[in-house]
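Data first, discussion second: the structure below is written as structure tokens.
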Amino acid sequence: MRAFSYERAASPADAAARAAEVPGAKFIAGGTNLLDLMKHEIETPLHLIDVRGTGLNDITATEEGGLRVGAMVSNSTLAANPRVREAYGVLSRALVAGASGQLRNKATTGGNLLQRTRCPYFYDTAMPCNKRSPGAGCAALGKGATTRQLGVIGTSDACIATHPSDMAVALQALDARVETVTPEGETRSLTLDAFYQLPGDTPDVENTLAKGEMITGVVLPAPVEGRHAYFKVRDRSSYAFALVSVALIHAPDGTGRVALGGMAPRPWRRDAADAALPQGAAAVMAELLDGARPTEENAYKLTLAERTLAALLAEE
Amino acid sequence: MDFNQSTDDNLFDHARIVGKPHARIDGALKVTGQAPYAYERHDVAAHQLVGYPLCATIAKGRITHMDATAARAAPGVAAVVTTLDIEPLAQAKSNVARLFGGDTVAHYHQAIAVVVADTLEQARSAAALIEVRYQEEQGVFDLDAAWEQQTPDEPLSDVGDVDAAFKNAAVTLDEVYRTASQSHAMMEPHASIVDWSDGGQMTVWTSNQMIAWTRKALAKTFAIDLETIRLESPYVGGGFGGKLWLRADTVLAALGSRAAGRPVKLALPRPLVFNNATHRSGTVQRLRIAADAEGRITAFDHSAFSHTLPGGSGENPVNQTRAFYAGASRRVAHTAIEMDLPESADMRAPGEASGLAALEIAMDEMAEKLGMDPVEFRILNDTQVDPEDPNKPFSDRHYVECLQKGAADFGWEARNRTPGGQREGQWLIGQGMAGAYRGAPTMDSGARVRLQAGRLVVETDMTDIGTGSYTIIAQTAAEAMGLALEDVEVRLGNSDYPVSSGSGGQFGAASATAGVYAACLKLQEEIAQRLGMNSPRFEQGMVIAGTTEVALAEVADGEELVAEDTIHFGDFKDTLQIGTFAAHFVEVAVHAHTGETRVRRMLAVCDAGRILNPVTARSQVIGGMTMGVGAALMEGLIPDVERGFFVNHDLASYEVAVHADIPEQEVIFLDTTDAASTPLKAKGVGELGICGVAAAVANAIYNATGIRVRDYPITLDRLIDQLPKVS
Amino acid sequence: MNAPNSAEQRRDQAPQDVPRSTVTLIVNGTQHTLTLDNRTTLLDTLREHLALTGSKKGCDHGQCGACTVSVNGERINACLTLAVMHEGDEITTIEGVGTVEHLDPMQQAFVANDAFQCGYCTPGQICSANAVLQEIAANIPSHVTADLTATIEITDAEIRERMSGNLCRCGAYANILKAITQVAKERA
């Protein structure tokens with residue numbers, strides 16, 4: 001881990017301003033992924049701005065009937081929130097499917113969105129990785145590589161990593177928006193598709209945050225009626241990243257929304273796939289996974305995603 | 001004490017303490033965090049520095065350039081030793097790849113430098129400043145590709161007429177099975193503190209299963225006098241074979257200490273453990289079985305392949321096939337293919353676990369082909385003699401009782417009899433079983449006992465790696481000397497103590513307790529002589545002969561009485577097959593849509609001689625069952641077959657079973673004793689518990705789904721294309 | 001071959017001084033003011049600076065749970081948090097749970113049920129176990145909670161799921177479950 005200086009920020013605007021001003025600065029909140037990566041020197045900030053004291057710890061009702069979740073709200077707190085459990089079940093379910101009790105107590109809403117991929121080649125700094133070192137090449141695309149866990153859609157010739165978050169998959173299904181503050185003090189509100197950037201030729205750029213821009217919270221629109229479910233498929237029963245996960249919100253009339261985790265560089269959802277939901281899992285996946293480019297080792301994910309959604313639909 | 005024949009009735013047949021359940025005597029220290037593990041010994045040497053390793057990032061080749069200038073200049077750094085700074089270290093026989101020194105890289109993450117600094121933060125950061133250039137060489141990394149081209153080695157055994165047996169058989173099986181490479185993944189990484197500050201006396205506080213072996217390996221590696229080395233390893237945070245040998249943690253700490261002139265502590269960072277340290281090699285196994293129409297096996301033909309670095313022995317999975325079941329003809333061969341993946345070596349039930357993972361699926365398949373109950377098929381093919389040498393009987397074998405008892409207690413009669421035919425909601429339910437057979441070797445083992453005012457101190461270099469050594473040794477000594485358990489103190493894992501068997505190969509418990517018993521008998525003799533008594537009894541803290549009774553506390557007039565002995569196991573054992581046996585029964589649920597497998601219940605019935613402490617023995621078995629579930633469902637080191645390393649080298653990506661994976665586990669020990677094993681008539685169980693488990697799970701998955709998977713781990717992607725159609 | 005994060009690049013950017021901070025922690029009821037290299041994790045602070053070695057380092061990356069401690073009443077992985085981020089925090093380690101002479105009920109139950117073998121993951125398991133019972137009492141949901149809006153019962157499945165962040169390679173899980181269940185029943 002490289003040496004770094006440390007300060008505590010008192011407000012989001014101060015934090016953003018400092019982050020723009022101090023070379024090599026990075027925000028830290030829960031730290032559960034950042035410190036992990038710093039020990040590997042995958043992340044090498046020269047300065048850490050502790051943003052836990054910026055007053056973003058609350059979950060509050062919005063005028064539109066939704067919820068605003070402060071960026072510093074822990075995964076445990078968010079999952080246990082009565083309003084979330086009652087009206088945004090898919091989010092609660094996704095959160096408790098992730099990591100472990102210890103990690104959820106520390107991990108924050110903002111930090112969860114900014115998790116880096118768990119691609120093993122990203123994690124081994126001896127391996128070429130375009131995400132870690134732009135232009136270095138991608139070990140995962142090498143001919144002897146193992147790709148069983150990696151992405152099948154939204155990937156590129158430069159990178160086939162997935163986004164590891166469970167929470168973000170639920171947020172995608174909920175049409176949540178990410179709120180930010182810029183170093184200039186302006187606020188922005190972004191859909192997840194606008195927030196996350198697909199790898200293309202620049203897999204090192206994972207989101208559209210500007211330098212110094214800080215996530216202040218997540219806004220959930222008014223609840224969507226229907227059944228909320230999150231099915232996470234993994235090799236062991238708990239404490240593992242998803243091979244495939246499916247977030248489903250299914251209205252009594254058969255319409256609804258489907259988002260996928262473990263498949264793509266961002267939580268994966270398409271309007272056309274949602275529209276196909278009344279026709280069943282195969283119809284949804286035909287839309288949702290159109291254009292998929294699996295490897296021989298991870299092609300099973302296409303079948304698995306469809307069967308997982310079918311399992312959820314069959315439960316009703 | 002020489003053990004040259006099977007033992008008669010003795011005090012252990014009428015025991016008060018041995019064989020009874022006792023909580024671990026080291027329990028309170030462990031649950032309070034007070035048991036000192038290797039890296040935590042702040043008290044043993046002043047002014048400790050911290051070492052951090054740098055490891056190679058190629059799989060094979062040569063280092064052409066190393067520049068540690070910046071590392072040496074980094075804050076807090078006291079010393080840097082690179083592999084180019086020293087001549088290649090000598091290699092102990094137990095190390096296949098050189099641990100350090102010279103420019104050759106034999107495997108990924110081989111240690112190539114150690115940085116010593118005041119703190120971990122400084123050492124870790126400085127290590128990243130070392131610049132390394134390599135000249136890479138082409139290596140061989142793909143076992144599956146290699147075995148197809150490999151000429152098999154000569155058979156280890158070829159009896160009867162295998163080819164004729166297959167020609168004449170009513171039913172035959174011929175399948176290929178694969179087991180994955182596995183990591184020990186013990187919770188405490190390899191760690192050592194070494195004080196070699198003056199380059200003279202070397203003191204090592206480490207985490208190691210085998211004190212005497214490792215001390216010898218250190219002497220050889222550094223070409224120093226054995227007498228200058230002292231080694232302590234009183235608590236070991238798990239080993240499973242991964243800490244049998246001298247490894248890089250100790251070597252780097254020693255080199256760092258000598259260079260810095262201060263004691264140095266070093267723990268292998270977890271992401272480096274998987275490729276730097278040893279692992280169990282994956283295997284490819286072709287298994288053929290022939291049987292007559294009644295289901296009597298007539299022949300086995302088992303040919304297996306594993307990988308090793310040049311000079312190693314790989315993972316030999318065929319030995320159990322030689323003696324587990326009857327059958328006049330059999331041929332087994334193992335070929336350790338020399339490849340360039342990291343070093344493969346022993347892991348819990350080395351060979352047996354991998355071999356039975358294949359053999360016991362094959363037995364299930366044969367039973368099905370024969371239309372027989374797999375339990376009945378195994379009973380029919382039981383043997384009480386070594387099938388390769390019918391003059392060599394098993395000393396004590398109750399495999400059939402294991403099968404019968406297991407079937408009864410598990411409710412085997414009520415099992416699903418149609419593969420894929422039992423469903424609960426979205427889950428397919430299946431039951432499976434497998435047999436287990438693991439040898440019961442013993443090793444000469446010494447101990448010293450000190451009688452101090454009626455209390456007994458036992459000293460032996462035996463280790464407790466979670467196995468319960470502290471407790472069973474105290475039980476043995478208390479039993480022998482007629483003391484209460486509380487009156488015995490056990491000191492382990494120190495090279496100042498008599499050399500024991502150490503912990504490995506399922507020989508530790510049986511051997512070490514026998515050694516302690518031998519030392520106690522020596523002490524008894526001395527006491528008898530001192531008191532002028534003839535064959536006194538030792539009961540309730542008293543020495544009793546006729547009407548004379550003397551308290552043990554008073555036999556030495558306030559002096560300490562010390563006795564030491566070693567048990568030597570005689571050649572008569574070679575005329576017998578001495579083994580342990582078990583039957584495993586498992587119920588699984590496989591998700592009909594996703595193919596996820598969850599184990600719902602497990603039962604093991606074990607025949608392992610006298611169980612010294614049913615509490616700790618049961619823990620050994622459930623631990624083996626848990627590791628067996630991992631082997632069956634999720635564990636596998638995945639090689640990048642071009643770059644030549646195990647890619648999933650951390651505890652997130654190398655998945656071991658978690659709490660949620662493990663259901664109710666029942667363990668039944670048959671009430672057996674094996675007089676040919678040790679004076680205590682005991683055998684080990686630590687490796688028996690993992691043997692056969694993976695196959696029982698695999699067979700249950702077959703029963704649940706009708707899908708026969710012969711490649712481990714049985715992850716959902718191996719099932720998903722054959723699961724029932726969904727809408 | 002030059003590694004993508006080459007030592008050369010790395011060296012050119014390395015700072016010459018190592019920033020430190022002063023932090024006050026309340027560990028097992030005792031206040032400690034320490035000046036630490038900012039990089040020092042809470043785990044290394046406990047183990048190396050306070051010689052409280054009961055909290056274990058199994059992976060140092062949040063993948064094993066051996067370092068589980070309680071901070072302000074919540075269990076966390078001490079390896080994935082910086083000491084400087086815990087100004088004024090109340091930290092309870094295994095040393096604060098009970099002593100050899102006075103074992104906490106969970107520690108007693110672990111001994112009574114042989115809920116460990118090598119002992120290395122044990123302090124983390126015990127710290128987690130106590131927290132798990134509190135989390136269920138506080139009605140915090142888990143992955144296996146069937147009804148998110150109902151009162152959560154202490155079941156085998158709930159305990160197993162919530163303990164899954166603590167690996168035990170010796171495989172004492174079944175006995176750990178018994179120990180926790182015993183304590184839960186004693187408290188009920």
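We name chains A, B, ... by the order of the sequence lines, and we start the count at 1 in each one.
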Residues in residues 117-142 of chain C that sit under 4.5 Å from chain B, counting heavy atoms only: Q117(C), C118(C), G119(C), Y120(C), C121(C), T122(C), P123(C), Q125(C), I126(C)
Residue-level contacts of residues 44-55 of chain C with chain B, using a heavy-atom cutoff under 4.5 Å: D44(C), R47(C), E48(C), A51(C), T53(C), G54(C)
Any donor-acceptor N/O pair, R160(C) side chain to I662(B) backbone, under 3.5 Å: yes
Part of [X] within contact of chain C (heavy atom distance under 4.5 Å):
{"X": "P271(B)", "value": "side chain"}
{"X": "V236(B)", "value": "backbone"}
{"X": "T626(B)", "value": "side chain"}
{"X": "Y654(B)", "value": "side chain"}
{"X": "A652(B)", "value": "both"}
{"X": "S653(B)", "value": "neither"}
{"X": "S469(B)", "value": "neither"}
{"X": "D43(B)", "value": "neither"}
{"X": "I622(B)", "value": "both"}
{"X": "Q620(B)", "value": "both"}
{"X": "F240(B)", "value": "side chain"}

Any salt bridge between E188(B) and K57(C), counting N to O under 4.0 Å? no
For the pair E635(B) and R169(C), find out whether any cationic side-chain nitrogen is under 4.0 Å from an anionic carboxylate oxygen. yes
Rounded to the nearest 0.5 Å, how far does [atom2] of [Y] lie from [atom1] of [X]?
{"X": "E664(B)", "Y": "L177(C)", "atom1": "CD", "atom2": "CG", "answer": "10.0 Å"}
{"X": "T32(B)", "Y": "F110(C)", "atom1": "OG1", "atom2": "CZ", "answer": "13.0 Å"}
{"X": "K56(C)", "Y": "M187(B)", "atom1": "NZ", "atom2": "CE", "answer": "12.0 Å"}
{"X": "L651(B)", "Y": "D60(C)", "atom1": "CG", "atom2": "CG", "answer": "11.5 Å"}
{"X": "S125(B)", "Y": "R39(C)", "atom1": "OG", "atom2": "CZ", "answer": "4.5 Å"}
{"X": "D661(B)", "Y": "Y173(C)", "atom1": "CG", "atom2": "OH", "answer": "7.5 Å"}

Just so I understand: if I count every heavy-atom pair under 4.5 Å between each of N166(C), L103(C), N175(C), D37(C) and chain B, which residue has the most? N175(C)
Looking only at non-hydrogen atoms, find the nearest pair between [X] and [Y] and report the distance.
{"X": "P663(B)", "Y": "A174(C)", "answer": "O-CB, 4.5 Å"}
{"X": "S164(C)", "Y": "A660(B)", "answer": "OG-N, 3.1 Å"}
{"X": "I176(C)", "Y": "H659(B)", "answer": "CG2-CE1, 3.5 Å"}

Side chain proximity check, D650(B) to H61(C), heavy atoms < 4.5 angstrom: no
Report yes if some heavy atom in the side chain of Q122(B) is under 4.5 Å from a heavy atom in the side chain of V18(C); otherwise report no. no
Who wins among [options] for the most heavy-atom pairs under 4.5 Å with chain C?
{"options": "Q34(B), R24(B), Q665(B)", "answer": "R24(B)"}
{"options": "R348(B), H184(B), R270(B), M625(B)", "answer": "R270(B)"}
{"options": "A35(B), A657(B), P269(B)", "answer": "A657(B)"}
{"options": "A23(B), A185(B), G238(B), A28(B)", "answer": "A185(B)"}

Please state whether the side chain, the backbone, both or neither of V97(C) comes within less than 4.5 Å of a heavy atom of chain B. neither
What part of T40(C) is in contact with chain B, defined as an atom under 4.5 angstrom from a non-hydrogen atom: side chain, backbone, both or neither? both
Check this for me: H65(B), atom NE2, are more than 12 non-hydrogen atoms of other residues, nucleotides or ligands nearer than 6.0 Å? yes
